[in-house]
Number of protein chains: 2
Amino acid sequence: MFQAAAKTFSVAPTASVCRGILSSIRQYCKKTPTKLRVSEALSSAELGANVKVQGWVRSVRPQKANLFLHVNDGSSLQSLQIVAGSELLTFGSAIEVTGILKKSPNQKQPVELEADQIHVVGGCNPVDFPFKIKERHGLEYIRQFPHLRCRTNAFSSLLRVRSEATTAIHSYFKENGFVQIHTPIITSNDCEGAGELFQVEPSGPEHEEGENFFSVPAFLTVSGQLHLEVMSGAFSRVYTFGPTFRAENSQSRRHLAEFYMVEAEVSFTQSLEDLTKVMEDMFRSATEHVLAHCAEDVALFHKHVTPGHRVSPEQMTLSRSTFRITYSEAIDILNRSSQKFTFPTDWGCDLQTEHEKYLVKHCGNIPVFVTDYPYDLKPFYARDNQDHPKHTAAAVDLLVPGVGELCGGSLREERLDLLRARLEEVGLEETYSWYLDLRRFGSVPHGGFGLGFERFLQCILGIDNIKDVTPFPRFSHSCLL
Amino acid sequence: MFQAAAKTFSVAPTASVCRGILSSIRQYCKKTPTKLRVSEALSSAELGANVKVQGWVRSVRPQKANLFLHVNDGSSLQSLQIVAGSELLTFGSAIEVTGILKKSPNQKQPVELEADQIHVVGGCNPVDFPFKIKERHGLEYIRQFPHLRCRTNAFSSLLRVRSEATTAIHSYFKENGFVQIHTPIITSNDCEGAGELFQVEPSGPEHEEGENFFSVPAFLTVSGQLHLEVMSGAFSRVYTFGPTFRAENSQSRRHLAEFYMVEAEVSFTQSLEDLTKVMEDMFRSATEHVLAHCAEDVALFHKHVTPGHRVSPEQMTLSRSTFRITYSEAIDILNRSSQKFTFPTDWGCDLQTEHEKYLVKHCGNIPVFVTDYPYDLKPFYARDNQDHPKHTAAAVDLLVPGVGELCGGSLREERLDLLRARLEEVGLEETYSWYLDLRRFGSVPHGGFGLGFERFLQCILGIDNIKDVTPFPRFSHSCLL
């Protein structure tokens with residue numbers, strides 16, 4: 001509107017002319033209906049108000065002389081009911097409705113909008129639109145339409161939960177004095193020597209073969225830990241929350257090529273307890289935040305999408321008795337069990353998902369910390385417990401119901417001589433001379449952990465497939481859009 | 001401590017034994033000094049309290065019988081002054097100090113800690129340590145030590161400001177009902193056909209030449225806009241804040257290969273005004289938040305690091321009169337100017353940094369919106385103003401003092417026929433058939449913008465080189481760590 005008014009000037013308007021126009025527009029706007037978002041309309045107490053609502057038609061139900069529409073604009077799971085004449089309106093259209101907000105006779109909704117005027121902003125051909133009115137489409141079906149799946153109730157709920165969970169995690173760290181660090185995505189480090197890295201070079205024929213853009217081979221990060229450790233030489237609490245990558249040739253329900261990690265480092269730690277306390281607090285605080293702020297959205301998943309989800313998040317987070325066992329105790333439990341496992345359970349073997357899920361069940365379906373893993377299983381930076389003959393490292397995993405490993409962490413080896421000896425053993429002393437520097441200049445005992453953000457969402461919502469908790473899932477042979 | 005106690009058990013302790021130990025430890029801890037962070041100690045009113053502080057020695061000053069130390073733990077720019085006997089302590093060491101918190105005789109600091117006990121947690125050899133006591137190292141010098149530069153005052157201030165600015169931006173969007181979307185980093189789109197893309201494939205010899213991991217060529221994102229537009233078909237307000245990439249062969253002060261962008265999309269827009277209002281509000285709100293929460297850190301830059309910084313951020317944000325001119329008016333201004341420009345200023349030419357900086361100055365060194373750029377300069381998704389013969393698109397840039405272009409945005413072409421015609425013209429109809437779908441099913445007028453986060457920091461702090469506002473800068477021939 002403003003643009004149209006301004007465009008009648010052939011020369012540039014002066015500031016005072018502009019102010020005059022703006023003020024007349026504001027005058028005019030006062031008489032026009034109040035624009036409300038759907039969530040605002042639903043919680044509005046101003047019955048009888050003349051309002052305007054914009055959104056997409058999520059259902060159309062003809063009844064007697066009237067048409068009942070549900071309009072949604074992404075601001076809440078619940079749509080606003082519109083009572084209209086018998087206009088021709090299709091599912092999926094974008095509309096703008098002006099009318100009077102009234103108390104709804106239906107107990108399920110507080111208000112409804114009695115339409116004076118409905119303007120179809122953008123139509124929708126119901127034959128071509130892949131989602132059909134009154135059908136409940138499965139997660140697998142809607143996953144085929146990455147550009148449209150946000151228009152379903154289930155996926156828009158997921159996106160609101162994901163957004164709120166992000167807020168929850170930032171809030172936890174902010175309230176606890178952590179500084180957020182944007183650790184780099186492109187790195188010349190191969191953090192854990194884990195392989196399965198993506199390499200990065202400019203595309204196009206003009207890029208000369210054999211010469212690296214960064215002068216060295218560069219990869220997508222698999223973890224921001226080492227960069228966070230840099231910061232924990234000056235900040236006693238730091239965290240990062242961003243994308244990480246694995247070039248794993250897998251299409252499983254548990255793996256993505258691109259996923260989000262929350263990682264934190266705490267300086268001046270005294271024991272693993274300092275770390276598990278932060279892990280537990282963050283997990284509990286984020287879960288409680290999501291349950292409090294997205295109750296309707298979470299309930300949708302628990303009721304309809306994942307009816308088999310047995311463990312309530314309340315049960316997990318409100319239990320003040322998170323279990324703590326050592327790796328050695330875990331191995332004892334597995335070996336005493338009558339269950340047959342596919343993978344070996346000898347002391348020294350890594351715990352597999354089947355083992356983790358068994359341990360969670362064994363402990364009563366609550367989150368379980370497993371501590372003090374065999375030294376040889378852990379990367380070079382894990383702190384040596386020096387407890388020969390068993391020889392363990394001060395590492396800890398947090399296992400949760402339905403998912404297995406949610407977080408992994410450790411104290412980091414802060415003692416220069418021990419760290420140097422281990423790096424020499426694996427021939428990485430040169431490569432990590434900068435990392436040794438961190439121990440040469442004002443080294444402190446410290447530790448940290450990483451949490452898989454998608455697994456956290458799966459755990460809260462009881463969603464089985466990791467592809468259903470991320471907006472645009474990337475995995476081998478699939479990179480849609 | 002807990003770990004040590006627990007380790008005296010040769011068998012696994014039962015839960016009740018654990019609780020007993022924990023309770024005695026808690027009893028014991030009550031008598032020990034209160035652990036405070038430096039920022040907590042500085043603002044503590046409990047003079048006479050017995051406290052423990054941990055951090056790194058930022059200065060050592062012997063005076064008469066005493067030694068004055070400044071200890072910093074990253075929680076604030078200001079360090080805590082420690083009054084100690086004449087212990088042998090070096091700059092850069094990590095220490096733990098126990099003592100009594102007292103009112104400081106020095107007016108510059110509220111309290112000081114009279115040390116009972118100082119424990120050197122990690123020493124620091126002052127000969128090898130690249131930063132020297134009492135020297136003010138330039139930003140260029142400290143940039144050579146990416147693993148240590150956070151230990152300088154300037155760079156730790158920068159990191160606190162960057163963290164707080166991140167919070168500010170998330171808060172703005174949260175408070176205004178935007179849903180945060182994690183748009184993908186790896187994408188098969190080439191958003192603007194801009195070239196200069198990084199391509200991504202697994203590293204290692206086992207990866208077969210010619211076969212793509214994702215079955216299609218995949219790139220690092222240059223913008224999350226198109227993915228956000230997907231979401232703006234179901235959410236009326238969405239945003240994303242994450243890393244973006246350009247394989248630009250440049251080592252300039254203005255460009256990085258990896259940088260952060262804030263991008264937002266708003267549905268049901270009526271004019272560019274709807275967009276510029278969001279851009280202006282966000283810029284003002286984020287700037288005010290940073291100035292309010294990081295006053296000391298910002299002041300450090302304004303005083304010492306960038307003394308040439310002329311425009312105060314207060315001036316920029318508190319001025320309620322952000323200027324708005326059209327591209328055509330901008331061209332007139334440039335052509336009337338007596339300044340010689342390197343690049344041409346004919347109608348139809350893109351504005352260069354020299355032009356942007358001139359326009360900002362011309363308008364009084366305040367932020368300036370330039371609107372309605374030539375249609376042919378803008379990408380396929382910009383909305384056609386249909387104002388022949390000039391022919392412009394509804395695009396807008398926000399120019400700010402010292403930096404030039406900070407944000408760029410546009411209304412998006414929501415009309416299926418116009419969009420399809422333009423995509424056909426450039427032969428991209430097939431590639432973007434999914435994007436055309438967004439206009440087929442419930443299309444709405446919408447628009448969005450992107451803000452360069454590093455430029456925002458440069459603008460607030462008056463930092464000339466973009467490499468000095470990012471923790472680990474990546475650019476051609478440089479990817480340290």
Given heavy-atom pairs under 4.5 angstrom as the criterion, report whether the side chain, backbone, both or neither of [X] touches chain A.
| X | value |
| --- | --- |
| E258(B) | side chain |
| H170(B) | side chain |
| S478(B) | backbone |
| P184(B) | both |
| T183(B) | backbone |
| F245(B) | side chain |
| I95(B) | backbone |
| S232(B) | backbone |

Any side-chain to backbone donor/acceptor pair from R151(A) onto F441(B)? Under 3.5 Å, distance only.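 Judged by distance alone, yes, a pair lies under 3.5 Å.
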Using a 3.5 Å distance criterion without hydrogens, assess whether the side chain of S163(A) forms a donor-acceptor pair with backbone atoms of V179(B).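 No, the answer is negative, given that no donor and acceptor are paired below the 3.5 Å cut-off.
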Most heavy-atom pairs under 4.5 angstrom with chain A, which of [options]?
| options | answer |
| --- | --- |
| R237(B), K174(B), R440(B), M231(B) | R237(B) |
| W434(B), F475(B), F178(B), F155(B) | W434(B) |
| S93(B), P471(B), P473(B) | P471(B) |
| Q54(B), R160(B), Q180(B), R149(B) | Q54(B) |
| G242(B), G123(B), S39(B) | G123(B) |
| R37(B), E96(B), R58(B) | R37(B) |

Within the 4.5 Å heavy-atom criterion, are L226(A) and L481(B) side-chain neighbours or not?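 Side-chain contact under 4.5 Å: no.
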Would you check if F235(B) and L159(A) make a side-chain contact, meaning some heavy-atom pair closer than 4.5 Å?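 Yes, their side chains come closer than 4.5 Å.
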Do you know which of [options] has the most heavy-atom pairs under 4.5 Å to chain B?
| options | value |
| --- | --- |
| A94(A), G177(A), S236(A) | S236(A) |
| V57(A), V238(A), I181(A), I186(A) | I186(A) |
| P217(A), S156(A), G233(A), G92(A) | G233(A) |

Once ring-ring contact (aromatic ring centres under 6.0 Å, His included) is applied, do any residues pair with F145(B), and if so which ones, sequence neighbours excluded?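 With neighbours one apart ignored, the set is F131(B), Y141(B).
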What's the shortest heavy-atom distance between [X] and [Y], and which atoms?
| X | Y | answer |
| --- | --- | --- |
| A234(B) | C150(A) | CB-O, 3.3 Å |
| L438(A) | H147(B) | CD2-O, 3.5 Å |
| F213(B) | E248(A) | CZ-O, 3.4 Å |
| C479(B) | A218(A) | SG-CB, 4.4 Å |
| R474(B) | T187(A) | NH2-CA, 3.9 Å |

With sequence neighbours excluded, residues passing side-chain contact (heavy atoms from CB on, under 4.5 Å) with S443(B):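 Expected list: E414(B), R439(B).
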Report the relative orientation of the aromatic rings in Y260(B) and H182(A); use parallel for angles under 30°, tilted for 30 to 60°, perpendicular for over 60°.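 Because their plane-to-plane angle is under 30°, the rings of Y260(B) and H182(A) count as parallel.
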Classify the ring geometry of W56(B) against F268(A): parallel below 30°, tilted from 30° to 60°, perpendicular beyond 60°.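 The arrangement is tilted - the two ring planes meet at 30° to 60°.
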Which value, rounded to the nearest 0.5 Å, describes the distance between S203(A) atom OG and L220(B) atom CG?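 Answer rounded to 0.5 Å: 10.0 Å.
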To the nearest 0.5 Å, how far apart are CD1 in I185(A) and CZ in F472(B)?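 Between I185(A) CD1 and F472(B) CZ, I get 12.0 Å after rounding to 0.5 Å.
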[X], part contacting chain B, at a heavy-atom distance under 4.5 Å:
| X | answer |
| --- | --- |
| D128(A) | both |
| F453(A) | side chain |
| P146(A) | backbone |
| T167(A) | side chain |
| E164(A) | side chain |
| L480(A) | backbone |

L148(A) vs V230(B), test: side chain to side chain contact (heavy atoms under 4.5 Å, CB included). Steps then yes/no. CA-CA 7 Å; L148(A) 299 172; V230(B) 163; over 6 Å; no
Does the gap between the ring centers of F214(A) and F198(B) come in under 6.0 Å?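 Yes, ring centres under 6.0 Å apart.
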